[in-house]
Trainee: 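Just dropping this structure here.
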Amino acid sequence: MKNPIEEQKTGEEYHPSEIESRWQKKWEEDKVYSPDLDNAKKPFYNLMMFPYPSAGGLHVGNVYAFTGSDIYGRFKRMQGYDVLQPIGLDGFGIHSENYALKIGEHPMEQSKITEQNFYRQLRSIGNGFDWTRTLETYDPRYYKWTQWIFILLFKNGLAYRKKSPVNWCPDCKTVLSDEQVIDGNCERCSNLVEKKDLEQWFFRITKYADRLDKNIDSLKWSEKVKISQKQWIGKKDGINIIYPVVYGNGKAPNNGKNSLSVTVFTTRPDTNFGATFVVIGPEHELVTLMLDSSNEIVISRNIRDEINSYVEIGKNKTEMERMVDGRIKTGVFTGLYAFNNLNDAKLPIWISDFVIGDVGTGAVVGVPGHDVRDFQFATTFGIPIIRVVVGKDGDTSEITNENNVQEKEGTMINSKFLDDMETSEASNKIMDYLEEKKWGKRITSYHLRDWLISRQRYWGPPIPMIYCSNCASLGKSWFTVNGLKKNEDNSSMIGWHPVLDDKLPIELPHIEDYKPLGTGKSPLESHPEFYNTICPYCRKEAKRETDVSDTFLDSSWYFFRYLFTEFDNIPFGSEIFEQESQLSNKSYVLKEKAGNAAKRIRNWLPVAQYVGGSEHSVLHLLYSRFISMVFKDNGLCSNFEEPFSNFFAHGLIIKDGAKMSKSKGNVVIPDIYIQKYGADTLRTYLMFIGPFSDGGDFFDSGLEGIYRFLKRVWVLIEKSSTASMGVTATRVMRHKTIKKVTNDLSNFRYNTAISALMEYYNFLVKQERLDREDYLVFLKLLAPFAPHLTEELWQNMHMQSASIHKQAWPTYNDSLLVDDELTIVVQVNGKLRDSFIIESDKAMNKNEVENVARSLDRIQQYLNDDNQKIIFVPGKIINFVTN
RNA sequence: GCCGGGAUGGCGGAAUGGUAUACGCGGUAGUCUCAAAAACUACUAGUCGCAAGGCUGUGUGGGUUCGAGUCCCUCUCCCGGCACCA
């Protein structure tokens, strides 16, 4: 029998384009990357954030991210896992709509073109995607379930409507979530964001704030992402202090009936004896009461006018103006006082726009000696400053300068029963006291706000809700007609009913006037044929919601859908569907398939490894976690509530030192590089630039270097027909390389894995005789990086063999990692003076090493009676030290 | 302001407290060629030296250690996130 190595073609040059398209086709035909979801023995869900098409195609940054994730998947597959690596498009939403608007195409038609181009590109980079289960968020079969999820949240009391000042981008003509406002500007178009009062749908994510916060500690995520999430949730422990409101003469307004009070949230109650004023925001309810002349609060006409004009001016300020103006403190005195029960002090109540309506209680207590912002306010309006904390410097003098404001901890003074205590002790003591006296209540506050879901745009899933004015006039809502009590969570839902499950999806109609109106209404508002419907409860005429939902809802659950793309009717399933939902009287999901669906969820979720950009640290990852928790609470997934047990945040590819952007004209399109050098070169190059966590600067000459390397590999293997068997000279290097590459891949250290392979290559090419095993190991180790090249060479060596990507990952033996000879470094007083090579076993022996070291000419000149102390590191170093 | 992460040759970067600059790019010289490209070979931190070899070197200044890019403290600068958050 002929040696298979001799069978291979020789003398052919490396032509990546021919090889790559051939193998891509073959892999897809052979379903190399399509695991059997129901029978997989070692499921491994390897997920990459799916792209959102905000341009005609992928740029090289996308390729970077996908390749990094793909390499990990290929590594795991060769380690024997059944790797599921799906791909889809997050093509619904504002990014894609803006792109369509820009090029003057209808989003619905444009999405089909974009889809084709994205999938073509995604195929050309040679990723091991399972092309049998793609999804697109704008596909009605997909967003049927996005709508179903909206209804699920509604039925759980987690979706509600509220009129509130929201971030409004006049250019995108839609509202934005807080997360989408960057320094007062729109994340998408960088236009100034305005405040606008609109009635909107919100998701009550704040109800999950504590859970979202607590779980973070146990996640195996990139540390910086965990920190961002923690910071965004912004959990703070403090106390709400309730101050009775009085006039200057100490009497209560309203003749003492229904006595008024103002509640402030503070994290520093220890300083409360130093409080000299209270500030409420312009949105505070007390302001409304004061402006209402029918109310019994007696304030002078002058003050009322002043308050009125201050509030009106504030309303017209943009976010940006409010921030720029922030340095200078403005405000008006209300004529009212907050009565501090601790020391009977009357604290003047001011209105100022530095206090934000929906932070804390919308009111703060001013302690100017121990808060810089309060100090600025107090000095602007001549309010007294009292020192109650002495810091480390021991300074007890009056605080007259901003630099002397004592914000850090210290020892209490001027605070009666708190005197001489440390601030932390004083804090606990006074909170106990305030609670005991019922003057306050400990509370945990969060920076996280409820998730604003409504978007006044066209290209998104219509919110599946119906408003019935008849039901509204009778005080009815879905909650009341289903016998659920009205409570705080659903009281604003009068007249609202969800679309019945069997009417889903509510399809987005193809309309010509899809452009955003800028009126605070969706384009669907001009389409009665869309919004006119009948009430699912009373059957009278009713109206559909015309806003669509936020894109982040689409992407918050897609990793569930991948598991069920072959079914139209089951997005995911579990035992709950076998019982019938408590909340819905119609079970829509086919029961006989539910058990199977539940099994898939148990087997494949949570996602074993998620890879994505850190720009989604807050938005997407937080929303996905929230939705998963809601699923868990509804029995849709019973084995987890954290969808991504491992998350790795990859870096950013830049060009010429700057972030790639169309305006800078430095966007690198992968296609031309793939044509010229092949996907294998581009992939390997991108991974070689630097650590995957860091990204790097894309430059063409670096690509040439990798292309040279792969061409050399091609030639080396082509020449391998003369390779011998049973050569041992390369064994240590082989095992060292296996160990290094295996460890590096496990930790996403791709750049060093590639350099280890280059070293291995450089070593092999210098050898006179090689073991065939070296070639096989080399190909396997390189396979995740250059899947086509290695497959071609592998198949040339193994006729009729299974794909290299299904071969077992090489293993190493620790006992074979030691070289026959080692280099010992000789130092004198820690300075390198010489080195020598010695057999490994002798290198471990102090006497052997010392004898050789002492005999070296260059060492002898440094040795004398003084330096007899010897530091010996076996196999590495001997150091002669002067006593 | 607060919270992260950094700073290493001409460039991207590598270094369990143990030979700093692996690997690659770029550069210089050479081989091949009529020539060029490609490919291959050698050299490539600075500095003094004919050489052998010496000295200096990982942003700054100190410290711990036989030994520090790595650990501790000081400062400077850069990048990312958050921010009138009470």
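Below, chains carry the letters A, B, ... as their sequence lines are ordered, and counting in each starts from 1.
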Trainee: Rounded to whole Å, please give me the gap between CG in A:L347 and C1' in B:rA86.
Mentor: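 So the two atoms are 15 Å apart, to the nearest Å.
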Trainee: With a 4.0 Å limit, can you tell me whether A:R833 has a side-chain N or O closer than that to the phosphate oxygens OP1/OP2 of B:rG54?
Mentor: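 Checking A:R833 against B:rG54: at least one side-chain N or O falls below 4.0 Å of OP1 or OP2.
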Trainee: What's the closest nucleotide to the side chain of A:E759 if the choices are B:rC85, B:rG18, B:rA22?
Mentor: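 Ranking B:rC85, B:rG18, B:rA22 by closest atom to the A:E759 side chain puts B:rA22 first.
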Trainee: Which one, B:rG81, B:rG54, B:rC85, comes nearest to the side chain of A:I356?
Mentor: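 My answer, after comparing the listed nucleotides, is B:rC85.
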Trainee: Between B:rG5 and B:rC71, how far apart are the two P atoms, rounded to whole Å?
Mentor: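 That atom pair is separated by 12 Å.
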Trainee: Report the residues that fulfil side-chain contact (heavy atoms from CB on, under 4.5 Å) with A:V372, sequence neighbours left out, ordered by chain and then residue number.
Mentor: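 With neighbours one apart ignored, the set is A:Q376, A:E402, A:V405, A:E407.
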Trainee: Given A:I399, which partner from the list A:I386, A:I385, A:V389 fulfils the side chain to side chain contact (heavy atoms under 4.5 Å, CB included) test?
Mentor: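 With A:I399 as partner, A:I386, A:I385, A:V389 yield a single side chain to side chain contact (heavy atoms under 4.5 Å, CB included), made by A:I385.
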Trainee: For A:K831 and B:rU56, is the shortest distance between a side-chain N/O and OP1 or OP2 below 4.0 Å?
Mentor: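 Checking B:rU56 against A:K831, a side-chain N or O does come within under 4.0 Å of OP1 or OP2.
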Trainee: Do the side-chain N or O atoms of A:H447 get closer than 4.0 angstrom to the phosphate oxygens (OP1, OP2) of B:rA86?
Mentor: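 False: A:H447 side-chain N/O out of range (4.0 Å or more) of B:rA86 OP1/OP2.
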Trainee: For nucleotides 36-44 of chain B, tabulate all protein N/O to nucleotide N/O atom pairs closer than 3.5 Å, reporting atom names and distance.
Mentor:
from, atom 1, to, atom 2, distance (Å)
B:rC40, OP1, A:R712, NH1, 3.2

Trainee: Collect all protein-nucleotide pairs involving nucleotides 47-49 of chain B in which both atoms are nitrogen or oxygen and the distance is under 3.5 Å.
Mentor:
none

Trainee: Closest to the A:V825 side chain: B:rU19, B:rG18, B:rC82?
Mentor: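 From the listed options, B:rU19 comes nearest.
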Trainee: With the threshold set at 4.0 Å, does a side-chain nitrogen-carboxylate oxygen contact exist between A:D819 and A:K736?
Mentor: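 Answer for the salt bridge query: yes.
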Trainee: Report which part of the nucleic acid A:S835 touches: base, sugar-phosphate, or nothing (heavy-atom distance under 4.0 Å, all strands).
Mentor: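 If one applies the 4.0 Å heavy-atom cut-off, A:S835 turns out to touch nothing in the nucleic acid.
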Trainee: Can you spot which of A:F698, A:F709, A:Y677 makes a ring pair (Phe, Tyr, Trp, His ring centres under 6.0 Å) with A:Y685?
Mentor: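 Among A:F698, A:F709, A:Y677, the one that satisfies the ring pair (Phe, Tyr, Trp, His ring centres under 6.0 Å) with A:Y685 is A:F698.
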Trainee: Taking N and O atoms by type only, does the side chain of A:K329 place a donor or acceptor under 3.5 Å from a partner on the base of B:rC84?
Mentor: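 Result: at least one qualifying N/O pair found.
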Trainee: Under 4.0 Å between a side-chain nitrogen and a carboxylate oxygen: does that hold for A:K441 and A:E435?
Mentor: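 No.
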Trainee: Check nucleotides 4-14 of chain B against the protein and report each pair of N or O atoms closer than 3.5 Å, with its distance, or say if there are none.
Mentor:
from, atom 1, to, atom 2, distance (Å)
B:rG12, O2', A:I689, O, 2.7
B:rG13, O3', A:N751, ND2, 3.4
B:rA14, OP1, A:N751, ND2, 3.0

Trainee: Could you state the atom-to-atom distance from OH of A:Y446 to P of B:rA86 in whole Å?
Mentor: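 Distance, rounded to whole Å: 15 Å.
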Trainee: Between A:T444 and A:D237, do the side chains contain an N or O donor and an N or O acceptor separated by less than 3.5 Å?
Mentor: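 Indeed, the side chains of A:T444 and A:D237 share at least one donor-acceptor pair under 3.5 Å.
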Trainee: Give me, pair by pair, the N or O atoms of the protein and of nucleotides 63-74 of chain B that are less than 3.5 Å apart, along with how far apart they are.
Mentor:
from, atom 1, to, atom 2, distance (Å)
B:rC66, O2, A:N879, ND2, 2.6

Trainee: Of the options B:rU19, B:rA86, B:rG81, whose atoms approach the side-chain atoms of A:I877 most closely?
Mentor: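 Between B:rU19, B:rA86, B:rG81, the one nearest the side chain of A:I877 would be B:rU19.
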Trainee: Once side-chain hydrogen bond (donor to acceptor under 3.5 Å, both in side chains) is applied, do any residues pair with A:D694, and if so which ones, sequence neighbours excluded?
Mentor: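 By the side-chain hydrogen bond (donor to acceptor under 3.5 Å, both in side chains) rule, A:D694 matches no residue at all.
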Trainee: Any salt bridge linking A:D217 with A:K226? Criterion: basic side-chain nitrogen under 4.0 Å from a carboxylate oxygen.
Mentor: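 A salt bridge is absent here (no side-chain N lies under 4.0 Å from a carboxylate O).
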